[in-house]
Amino acid sequence: MKASLRTTLGALVAVTSLWLATAPATAQNFPNKPVRLVVPFAAGGGGDVLARTLADKLKVRLNQPVVVDNRPGAGGIIGSEVVAKAPADGYTLLLNTPNLIMTRHMVARLPYDPIADLVPVAEVVRSQLWLAASSAATDARTLADLVAQAKVKSDVFYGSVGPGSVGHLLGSGFVDAAGLKASHVPYKGGAQAVLALVSGEVTFAVMDYVVLKPHVESGRVRLLGTFGSKRSPHAPDTPTLTEAGYPNLDIYSWAGLFAPSGTPAATVQRLAAEAKVVMADPEVIAKFISIGYEPGTLLLDDFAGVVRSDDARWGAIIRKADVKLE
């Protein structure tokens, strides 16, 4: 009987040791190999710059290489799917924007569920979006001027980087709120959209500060309003849309870090903690501010709350604009 008991206890110890050496070790020893950071946008763009800045600092904190993997295409769906379907071990991460949740309201059959299949880890940056007017197309210096002119003109156009983009949807929201008749002109990417605004091909557009800044400084583009909840230090004299009389358009953009659902809690918490340190790095703060972003401050459940809230807000905006993508 004693021999049998010893055999049983020995077997239990062996099984327990094997379990401790495998499943928990994944989280306890994380990371013990390179981490891949997937960016669903092309190299060289704003998202890519953010990802490489983050990766350079995270590799020091994690003591492992963090490799940026650009997977552009299909409006960000390709890259997001890679991470949503990756092993839930923390070694494949996603850097994405509200585009992640917007697509599920515009595409009939996504190959993943951005809410159920991905875990928010950290808000990396947030940024205000701006309504800017072309000096070549209008002499409007305020939103009130633009609205007054647009109501008596028949050739008012607003541009964006493409159908279903943030610029398209917020531009549509402004047109609707102001009671205007303006036509949307989608372009194939940011460079074409900016050129159209600068040349006067479109009357106004909604864009990031970083792409507008040189043209604002040259006088070819005027900032008329920001969609943030407060004025920006980049252009403190420019009012918010709320101040201008459009209270339902106080929405900002963000870029955040996500992991596949099912990733061990300890691993997610480690990634969030290291991201928090990176976001507080003076060099990182200066870099982000210089290109028009604010370092993020939200982690885990707090960031998840923003993602869920924005999912509802963007869903309502998209339904009202009746935007569908194939």
Side-chain angles (χ1 to χ4, degrees), residues 27 30-31 33-41 43 45-72 76-103 112-127 252-281 283-285 287-288 291 293-311:
F30 176 86
K33 63 180 182 179
V35 174
R36 179 169 59 146
L37 179 56
V38 176
V39 183
F41 310 111
D48 183 61
V49 172
L50 293 177
R52 294 184 188 279
T53 302
L54 178 63
D56 284 345
K57 294 294 183 177
L58 273 182
K59 71 180 180 183
V60 177
R61 298 295 309 173
L62 297 174
N63 198 31
Q64 288 288 345
V66 178
V67 181
V68 175
D69 182 4
N70 296 93
R71 292 293 188 96
I77 294 174
I78 292 173
S80 299
E81 182 182 8
V82 167
V83 181
K85 295 182 177 180
D89 55 13
Y91 289 98
T92 304
L93 306 174
L94 174 70
L95 184 76
N96 210 339
T97 65
N99 177 74
L100 174 68
I101 49 179
M102 290 162 59
T103 52
Y112 58 90
D113 184 329
I115 300 296
D117 296 339
L118 293 164
V119 177
V121 176
E123 176 193 51
V124 177
V125 295
R126 64 175 59 187
S127 66
Y252 67 87
S253 186
W254 44 257
L257 192 64
F258 296 82
S261 290
T263 300
T267 299
V268 174
Q269 289 165 3
R270 169 77 190 282
L271 288 167
E274 301 300 358
K276 180 179 180 180
V277 173
V278 170
M279 293 307 101
D281 185 313
E283 185 179 340
V284 172
I285 292 173
K287 172 70 171 179
F288 287 165
I291 55 177
Y293 298 117
E294 299 175 41
T297 59
L298 303 178
L299 304 175
L300 304 170
D301 289 344
D302 290 335
F303 180 40
V306 169
V307 173
R308 289 192 297 270
S309 174
D310 279 3
D311 180 52

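Just so it is clear, the model here is predicted, and its values are computed rather than measured. In what follows, every heavy atom counts, from backbone to side chain, and hydrogens, waters and symmetry copies are set aside.
Counting only heavy atoms from C-beta outward, the side chains of Leu37 and Leu257 approach each other to under 4.5 Å. Pro34 places a side-chain heavy atom less than 4.5 Å from the side chain of Gln64. Annotation: side chain of Val306 is not in contact with side chain of Glu123 (no heavy-atom distance under 4.5 Å). The shortest side-chain heavy-atom distance between Arg126 and Leu298 falls under the 4.5 Å cut-off. Within the 4.5 Å cutoff, no side-chain heavy atoms of Ile78 are placed close to those of Pro40. The shortest side-chain heavy-atom distance between Val124 and Trp254 does not fall under the 4.5 Å cut-off. Looking only at side-chain heavy atoms (C-beta outward), Leu58 and Val35 stay at 4.5 Å or farther from each other. Using a 4.5 Å heavy-atom threshold, the side chains of Arg71 and Val83 count as separate.
Side-chain atoms of Ser80 come within 3.5 Å of backbone N or O of Gly76 as a donor-acceptor pair. Asp117 places a side-chain N or O within donor-acceptor distance of the main-chain N or O of Asp113, the cut-off being under 3.5 Å.
Remark: of the listed residues Thr263, Leu271, Val268, Asp89, Leu271 is the sole one forming a side-chain contact (heavy atoms from CB on, under 4.5 Å) with Phe30.
Interatomic distance, Leu93 CG to Leu54 CG, rounded to the nearest 0.5 Å: 9.0 Å.
Between Tyr293 and Phe288, the ring planes are perpendicular. Angles over 60° get that label, and only those under 30° would be called parallel.
Classification of Arg52 and Asp48 as a salt-bridged pair holds, one side-chain N sitting under 4.0 Å from a carboxylate O. Salt-bridge check for Glu274 with Arg270: passed, with a basic side-chain N closer than 4.0 Å to an acidic carboxylate O.
Taking Lys276 as the reference, nothing meets the salt bridge (charged side-chain N to carboxylate O under 4.0 Å, His left out) condition, with sequence neighbours excluded.
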